[in-house]
Amino acid sequence: MSTAWRGRLSRLPPFSSLLERVPSQCAVCRAWPARPVCDACVTRFAPPAPRCRTCALPLPAGVAQCGECVLDPPPLDACLAACAYAWPWPDCIAQFKFQGRAGWAAPLATLLRSAPWVEPSLEQADLVLPMPLAPRRLRERGFNQAHELARRLAPRKTDPRLLLRIRETPAQSGLARAERLRNLQSAFALEPLRAEAVRGRRIVLVDDVMTSGASLFSAAQVLRAAGAAHITGMVFARTELPSAA
């Protein structure tokens with residue numbers, strides 16, 4: 001192959017990114033042609049909603065923070081969610097996480113980026129850290145869904161090797177919030193040789209779904225202890241009750 005052709009090929013985007021741009025059928029209403037989720041379904045099923053600024057639970061308009069966060073402030077300075085964890089999003093997320101359909105990362109990240117305050121938070125961030133998976137779960141899935149989201153939100157700021165999951169934990173489902181927090185104690189750590197990288201920095205923590213907040217809060221505590229200046233949790237979907245599984 002000639003040097004000129006190699007140069008042209010090197011400038012082409014990856015094949016996977018080309019596939020993400022191909023029109024398809026909406027996974028919700030089956031409209032054709034459309035993106036994986038069409039504009040009408042986004043408007044209907046992911047409308048902007050008032051949420052607690054530190055845990056993203058839905059709140060009445062004009063209320064900035066839920067009572068639980070006022071009484072027991074979480075280690076997050078801000079928390080942002082694109083939508084409620086309600087139909088059709090659980091089906092889409094399940095395909096993404098459990099059926100190996102990593103292509104869902106692009107449309108979900110696009111929806112998340114369009115949520116209020118997400119774009120400014122990404123622009124102001126020094127580092128975007130995906131929530132890490134335990135090694136066994138990473139081997140089972142073949143990819144970390146939080147990393148797939150993060151690298152589409154902020155590819156130049158995403159660092160998947162700084163925040164580590166160092167302890168396997170039992171399943172969180174069925175546990176109360178306090179039990180979830182205990183379950184995750186000492187589950188996260190920073191890469192020892194790079195722990196200083198977060199000192200004085202603005203950090204965005206990315207995950208796909210937030211339930212009780214235990215995972216994000218536990219990871220944020222590690223970052224706070226290492227001297228992070230500001231921590232924003234950023235998730236695609238948020239359950240509507242703090243005790244939801």
Side-chain angles (χ1 to χ4, degrees), residues 12-53 55-61 78-123 125 128 130-131 133 141-158 160 204-211 216 232-241 244-245:
L12 289 174
F15 183 64
S16 59
S17 67
L18 291 173
L19 288 178
E20 289 167 359
R21 303 174 193 174
V22 175
S24 61
Q25 187 178 42
C26 175
V28 181
C29 70
R30 305 303 178 189
W32 176 274
R35 291 190 289 272
V37 180
C38 72
D39 291 342
C41 286
V42 170
T43 300
R44 181 177 180 185
F45 298 113
R51 294 182 175 274
C52 174
R53 64 177 179 83
C55 79
L57 279 176
L59 291 175
C79 192
L80 306 171
C83 60
Y85 187 68
W87 194 89
W89 307 120
D91 290 343
C92 300
I93 293 168
Q95 291 178 36
F96 177 32
K97 292 170 66 170
F98 305 122
Q99 297 178 25
R101 297 180 61 177
W104 267 108
L108 296 183
T110 299
L111 286 173
L112 178 52
R113 182 179 278 279
S114 66
W117 307 113
V118 166
E119 190 77 34
S121 296
L122 292 170
E123 290 176 357
V128 175
M131 287 291 292
L133 286 179
R141 294 184 186 171
F143 62 91
N144 177 356
Q145 73 278 357
H147 179 211
E148 294 300 313
L149 288 172
R151 72 185 185 91
R152 286 167 172 81
L153 290 169
R156 296 181 180 178
K157 297 180 180 182
T158 296
V204 168
L205 271 176
V206 175
D207 210 353
D208 57 333
V209 178
M210 182 177 181
T211 53
L216 278 172
T232 297
M234 191 174 290
V235 299
F236 175 72
R238 176 64 158 110
T239 59
E240 298 298 79
L241 295 173

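Heavy-atom basis, side chains included; hydrogens, waters and symmetry copies ignored. Quick note: residue numbers are just sequence positions, from 1. In this text, all values refer to a predicted model and were calculated from it rather than measured experimentally.
- Here the shortest heavy-atom pairing between C38 and C29 reads SG-SG, 3.6 Å.
- Minimum heavy-atom separation, P130 to A150: CB-CB, 4.2 Å.
- Legend: residues meeting ring-ring contact (aromatic ring centres under 6.0 Å, His included) with F98, ordered by chain and number and at least two apart, are absent.
- Distance check: R51 CZ to L57 CG gives 8.0 Å after rounding to the nearest 0.5 Å.
- Distance alone, capped at 3.5 Å, is enough to place a donor-acceptor pair between the R238 side chain and the C55 backbone.
- Here the CG atom belonging to L216 is positioned 5.5 Å from the CG atom belonging to D207, to the nearest 0.5 angstrom.
- For the atom pair CD (Q99) and CZ (R141), the distance works out to 12.5 Å, reported to the nearest 0.5 Å.
- In this structure, L108 CG and C83 SG are separated by 8.5 Å, a value rounded to the nearest 0.5 Å.
- In terms of the side-chain contact (heavy atoms from CB on, under 4.5 Å) criterion, residue partners of A27 (sequence neighbours excluded) are, by chain and number, W104.
- One distance of note links CH2 of W89 with CG of D208; it measures 13.5 Å at 0.5 Å rounding.
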Between L122 and M234, is a side chain to side chain contact (heavy atoms under 4.5 Å, CB included) present by the stated rule, with each step listed? CA-CA 10 Å; L122 292 170; M234 191 174 290; 3.9 Å; yes
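- The closest side-chain heavy-atom distance from L111 to F45 is not below 4.5 Å.
- When all heavy atoms are compared, the tightest approach of L80 to W117 is CD1-O, 3.5 Å.
- Shown here for V204 and S121, the closest heavy-atom pair between the two residues is CG2-O, 3.9 Å.
- Taking the side chain as every heavy atom from C-beta outward, V209 and I93 approach each other to under 4.5 Å.
- Counting only distance, with no hydrogens or angles, the side chain of K97 and the backbone of Q145 share no donor-acceptor pair below 3.5 Å.
- Using a 4.5 Å heavy-atom cutoff, the side chains of T158 and V206 are not in contact.
- Residue pairs meeting the salt bridge (Lys or Arg N to Asp or Glu O under 4.0 Å) criterion with at least one member in residues 114-123, sequence neighbours excluded: R113-E119.
- For the residue pair P60 and P50, the shortest heavy atom distance occurs at O-CB, 4.1 Å.
- A donor-acceptor pair under 3.5 Å is absent between the side-chain atoms of R53 and the main chain of C79, judged by distance alone.
- Considering only heavy atoms from C-beta on, N144 stays 4.5 Å or farther from P160 through its side chain.
- Between E148 and F143, the shortest heavy-atom contact is CG-CD1, 3.7 Å.
- For the pair P88/C41, no side-chain contact is recorded, criterion being any heavy-atom separation below 4.5 Å from C-beta on.
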